[in-house]
Each structure stands twice: as structure tokens, then as C-alpha cells.
Amino acid sequence: MRDYIRQRGAAAFGTRLRRLSERLDREVQAIYRERAIAFEPRWFPIVTALHAHRTLSVGDLAELIGVTHAAVSQLRAELVAAGLVRTKPDRADQRRLLVELTADGKRMVARLGPLWAAITQATLLLCAEAAPDLLADIDRIESALNARSLKSRVDTALGAQ
């Protein structure tokens, strides 16, 4: 059977990116499971951001990793349940919750460091083999969208009709 989504070309650009992302996440999850590591690929950006910055609010995490506040709140709840992060009220603003790694979270980062390095190396080799400029191209696409949204571009295209 032919790849219907691939046949849609640029019309399915977002779908193809999600499909690729989900495939990579499944493969990384399999790598974790083979090693009996209770960690989800979707936790990676929050855990590594907290490792680098120690303590951040949900809003700061959302801004830092470029996702919604709601998405960070959901992931925070999963990470709290897994025992990898804890929250505490911000002394300067009691309405804000600060998030930090627990001792178990810090041990998980130490355990996963070499594996993350291997995943990074394998990803770089994959990109070199298949699409040497992919990461730079993604940077350029994100910059172009920051300069002018897809919605704006669609609105212009519709206005031109």
C-alpha cells in the first residue's frame, strides 16, 4: 500500500513531522524498556531543563522549551507521580509553583546521561546519512514562522484567490 500521507506532500507537512516524532519517541521508549528504565521520552526536555537550571516555574519551563503552560503542567504531574520532580510554592509569589528534580530525578539524569549521549550521536549520524542540513533547516523553518506565522501565510494565500 502506498503512503497516503507522503502522497499529500506539503499539505501533510505537520502530520509527517508528528509521525516522525512519534516514531522516534517509540524507538527511544524501546531503548529505555530494553534497559528497564522507567522514563518517558516526552519527559526529556523538562528533566534536562531542570537539571540545567535547578528550579523553574511551570511558566518558565513552558517558555524555555517552547510548549504550552498546560502541556508542562501535565508533564509535571506525570513526573511528580514518577517521583522524579517535586513542586514547592514560590516564596516571592505564592500563586506560582516552582519545580525541581528530586534525589531520584537527579539519579535518573546521571543514569541516563551516557544513554542520551549515545542517542544524540546516533541521531547526528542518522541526520548526516539522510538529511545533513535537517537541524539547520528546522532552525530556519522555526525562524521563518517566528517572523511570519503559517496562519498569516494562509490568510495571504486565501486573499490572493
Side-chain angles (χ1 to χ4, degrees), residues 1-88 97-147 150:
M1 181 185 281
R2 291 192 180 135
D3 187 335
Y4 175 80
I5 298 302
R6 181 178 279 186
Q7 290 174 348
R8 302 291 61 85
F13 183 67
T15 301
R16 297 226 17 222
L17 291 175
R18 273 188 302 283
R19 183 171 75 172
L20 178 59
S21 177
E22 289 170 4
R23 179 178 183 173
L24 292 171
D25 281 352
R26 282 192 308 272
E27 291 196 25
V28 170
Q29 182 61 59
I31 292 165
Y32 293 150
R33 284 192 180 130
E34 282 179 2
R35 289 156 180 81
I37 299 171
F39 194 85
E40 297 292 328
R42 66 183 174 273
W43 297 346
F44 175 82
I46 291 178
V47 168
T48 57
L50 291 172
H51 177 68
H53 297 277
R54 294 185 173 254
T55 303
L56 293 166
S57 71
V58 171
D60 291 339
L61 276 165
E63 184 177 337
L64 185 65
I65 64 176
V67 298
T68 66
H69 190 283
V72 171
S73 290
Q74 180 181 1
L75 292 171
R76 175 196 44 86
E78 291 177 20
L79 286 161
V80 167
L84 299 178
V85 305
R86 66 177 156 251
T87 61
K88 62 183 181 182
L97 277 180
L98 298 177
V99 185
E100 62 187 9
L101 291 174
T102 61
D104 285 346
K106 292 173 185 174
R107 281 190 289 277
M108 182 66 77
V109 169
R111 180 178 182 197
L112 286 171
L115 185 56
W116 288 339
I119 292 167
T120 298
Q121 181 182 8
T123 301
L124 289 170
L125 291 171
L126 172 63
C127 288
E129 174 187 329
D133 294 327
L134 179 61
L135 295 174
D137 289 342
I138 290 170
D139 288 341
R140 285 189 287 276
I141 290 169
E142 288 177 330
S143 292
L145 285 170
N146 288 339
L150 183 62

### Message
If the condition is side chain to side chain contact (heavy atoms under 4.5 Å, CB included), which residues does Ser143 pass it with, not counting sequence neighbours?
### Response
none
### Task
Kindly write out the residues that satisfy side chain to side chain contact (heavy atoms under 4.5 Å, CB included) with Ser21, not counting sequence neighbours, or none if the list is empty.
Asp25
### Task
Using the salt bridge (Lys or Arg N to Asp or Glu O under 4.0 Å) rule, collect all pairs that involve residues 107-116, keeping only residues at least two apart or in two chains.
Asp104-Arg107
### Task
Apply ring-ring contact (aromatic ring centres under 6.0 Å, His included) to Phe39 and list each qualifying residue two or more places apart in sequence or on a separate chain.
Tyr32, Trp43, Trp116
### Message
Which heavy atom of Leu64 sits nearest to which heavy atom of Ala49, and what is that distance?
### Response
CD2-CB, 3.7 Å
### Task
Find the distance between CD (Glu63) and CG (Leu61) and round it off to the nearest 0.5 Å.
10.5 Å
### Summary
dist Leu84:CG -> Lys106:NZ (nearest 0.5 Å) comes out at 12.5 Å
## Note on the structure
So CG of Leu98 and OG1 of Thr55: to nearest 0.5 Å the spacing works out to 6.5 Å
### Message
Just to verify, what does Phe13 make a ring-ring contact (aromatic ring centres under 6.0 Å, His included) with, not counting sequence neighbours?
### Response
none
### Message
Run the salt bridge (charged side-chain N to carboxylate O under 4.0 Å, His left out) test against Arg76 and tell me which residues pass, sequence neighbours left out.
### Response
none
### Query
When rounded to the nearest 0.5 angstrom, what is the spacing between CG in Leu56 and CZ in Arg54?
11.5 Å
### Task
With Val99 as reference, evaluate Val72, Val58, Leu75 under the side chain to side chain contact (heavy atoms under 4.5 Å, CB included) test and give the passing residue.
Val58
### Message
Let's go through Leu79 and Glu40 carefully: what are the C-alpha distance in whole Å and the side-chain angles of both, what is the deciding distance for side chain to side chain contact (heavy atoms under 4.5 Å, CB included) to 0.1 Å, and is it a yes or a no?
### Response
CA-CA 9 Å; Leu79 286 161; Glu40 297 292 328; over 6 Å; no
### Message
Enumerate the ring-ring contact (aromatic ring centres under 6.0 Å, His included) contacts for residues 51-80, please, sequence neighbours excluded, ordered by first and then second residue.
### Response
none
## Note on the structure
Output for pair (Asp60 CG, Ile65 CD1), nearest 0.5 Å, gives 11.5 Å
### Query
Residues two or more places apart in sequence or in another chain: which of them pass side chain to side chain donor-acceptor pair (under 3.5 Å) with Arg23?
Glu27
#### Entry: By side chain to side chain donor-acceptor pair (under 3.5 Å) - contacts of Asp3 (at least two apart)
Arg19
### Query
Mind checking what makes salt bridge (charged side-chain N to carboxylate O under 4.0 Å, His left out) contact with Asp137, not counting sequence neighbours?
Arg140
### Message
Using the salt bridge (charged side-chain N to carboxylate O under 4.0 Å, His left out) criterion, which residues pair with Glu78? Sequence neighbours excluded.
### Response
Arg42
Under 3.5 Å, sequence neighbours excluded: what are the donor-acceptor pairs made by side chains of residues 123-136?
unit_1	atom_1	unit_2	atom_2	d
Thr123	OG1	Ile119	O	2.8

### Query
Does Gln7 CD have over 12 foreign heavy atoms under 6.0 Å away?
yes
